[in-house]
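What follows is a set of notes on a single structure, which appears directly below.
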2 protein chains.
Amino acid sequence: MVREQGPPQHPWAYVAVDVVVLTIRDRQLQVMTIRRAIAPGQGGPALPGGFVRLDEDLEAAARRELREETGLEVDYLEQVRTYGAPGRDPRARTFAVLYLAVMADLPDGAAGTDASAASWVPVDELLAVDLPFDHHEMLVDAVERARSKLEYTPIAASFCRTAFTIGDLRRVYEIVWGKRLNPANFARKVQSVEGFVVETGDVVSEGRGRPAKTFTRGDVTRLHPPLRR
Amino acid sequence: MVREQGPPQHPWAYVAVDVVVLTIRDRQLQVMTIRRAIAPGQGGPALPGGFVRLDEDLEAAARRELREETGLEVDYLEQVRTYGAPGRDPRARTFAVLYLAVMADLPDGAAGTDASAASWVPVDELLAVDLPFDHHEMLVDAVERARSKLEYTPIAASFCRTAFTIGDLRRVYEIVWGKRLNPANFARKVQSVEGFVVETGDVVSEGRGRPAKTFTRGDVTRLHPPLRR
DNA sequence: CAAATAGTGTCTCTTAGACAGTATTAT
DNA sequence: ATAATACTGTCTAAGAGACACTATTTG
């Protein structure tokens, strides 16, 4: 019963947070990357992240690192999983708590001081590149989490700006799920889920086609019935 | 960019695993507890758990601690969430990775060497007791995870022995969800989900009533369509 | 005009759930 | 026999998805 002996004689480790920030840009699912200044993976892309401070909660650490490394303030942040394989960081015993963040496609530099080393990359492209630590697995896990959360939470609205059309929302689902959805059935479904979207009363014209009503996100945290993939 | 400076000058911490082991005993959802030998919570119940070794993966640590503290070998083990609020352990900065485990109702002492300080407690009862650290929140989170996993994974079978009846399986759902289910509709539903259960060809008579066919778990990892709560 | 997008109407097929009824056991 | 559990049959209502059609815009 190891724990009963108290901590001082126990092994200690470094604890880091890493963040997969997703958005939709140019009709693609993209992820925020930073350029690594040191080995491993020096000069290459990696997920933003860093060590948790002693006086700081995990989620606060994720937000702080994101702000420091990319200048981003995200709309949605959720813990995904913790990685702790003994050799995952060749330098020292390090655990990494992974967060998934979602944000709307804001104009570059809308926020961001240290944006020089930070850039958006399409998820498929980043998955084809060699990434340090277990960032590849993290990206796969976070994207899969996002995909399944679209089914039963209103997370899709976090990919959109404050006011959005049903078409905007549908494109989120189509791009994240990689699958075409029937516009008519999708619109009916979304509006039948109590509290998912709230009509603003405005309409917007986005290029060609009939102008669309706009909506803001409602107040539910779970969709029932869910939208099936 | 803190991470870029390398670990040595960064804050370190202790990393523990805690495990919520669930089973169904006496028609109740029960959780495995140990008796704490030291403060905080000395003499009271707590979740089994302990510090992760340097050369050990998280899941291996969870299995080892469980074996050492309770003698149990579980059927199903899944990471739930990591807790890292600064003051959560008054002794030192400690992060805890929570695991959910599920097992069948085996006879007491079927396994177990150190079973003296370990005992099953109904979940509702443990939730009403003062628990050390954030074990209360952990228990709530793990039980909620189990509840939702019943919907879309075959985890219910892990509460049953190798061979089980549809009635056994239904009682798992009823007890974990705290809700009566229609036996006829449940049986039809379960057997219509491809790969959830496989008929053995045997029948068993359990007390009164018509003997029931027995089944073993199938090979799917996700149920589609899901069983709705 | 055509093309593109938004939105409505409606039909069909599947499924969830209610519930009645039959089968087989213990007491 | 009665109670309890297993299992089957059947009806109804709701939801998913296909698809035709109307509405309103740009070029």
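Checked against a 6.0 Å centroid threshold, the rings of B:F186 and B:Y173 count as neighbours.
Judged purely by distance below 3.5 Å, without hydrogens or angles, the side chains of A:T200 and A:T214 pair a donor atom with an acceptor atom. Side-chain contact annotation: B:Y83 with B:D18, donor-acceptor N/O pair under 3.5 Å absent.
Side-chain atoms of A:L169 and A:V197, non-hydrogen and from C-beta on, do get closer than 4.5 Å to each other. In this structure the side chain of B:V198 never reaches within 4.5 angstrom of the side chain of B:R217, judged on heavy atoms.
If you measure from atom CG of B:L181 to atom P of D:dT5, you get 15 Å, rounded to the nearest angstrom. Remark: C1' of D:dC7 and CD of B:E199 are 12 Å apart, rounded to the nearest angstrom.
Running 5' to 3' along DNA chain C, contacts with non-hydrogen atoms of chain A at under 4.0 Å begin and end at C:dA4 to C:dT10.
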What side-chain donor-acceptor pairs closer than 3.5 Å can you find for residues 151-159 of chain A, not counting sequence neighbours?
residue	atom	partner	partner atom	Å
A:E151	OE2	A:R229	NE	3.1
A:E151	OE2	A:R229	NH2	3.1
A:T153	OG1	A:K149	O	2.8
A:T153	OG1	A:I155	N	3.3
A:S158	OG	A:D75	OD2	2.8

### Query
Could you write nucleotides 17-27 of chain D as a row of B, S and -, 5' to 3', where a protein heavy atom under 4.0 Å of any base atom gives B, of only sugar-phosphate atoms gives S, and otherwise -?
BBB---BBBS-

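Comment: A:R81 engages A:E137 in a salt bridge, judged by a side-chain N to carboxylate O separation of less than 4.0 angstrom.
Using cut-offs of 30° and 60° for the angle between ring planes, the B:F133 and B:H135 rings count as tilted.
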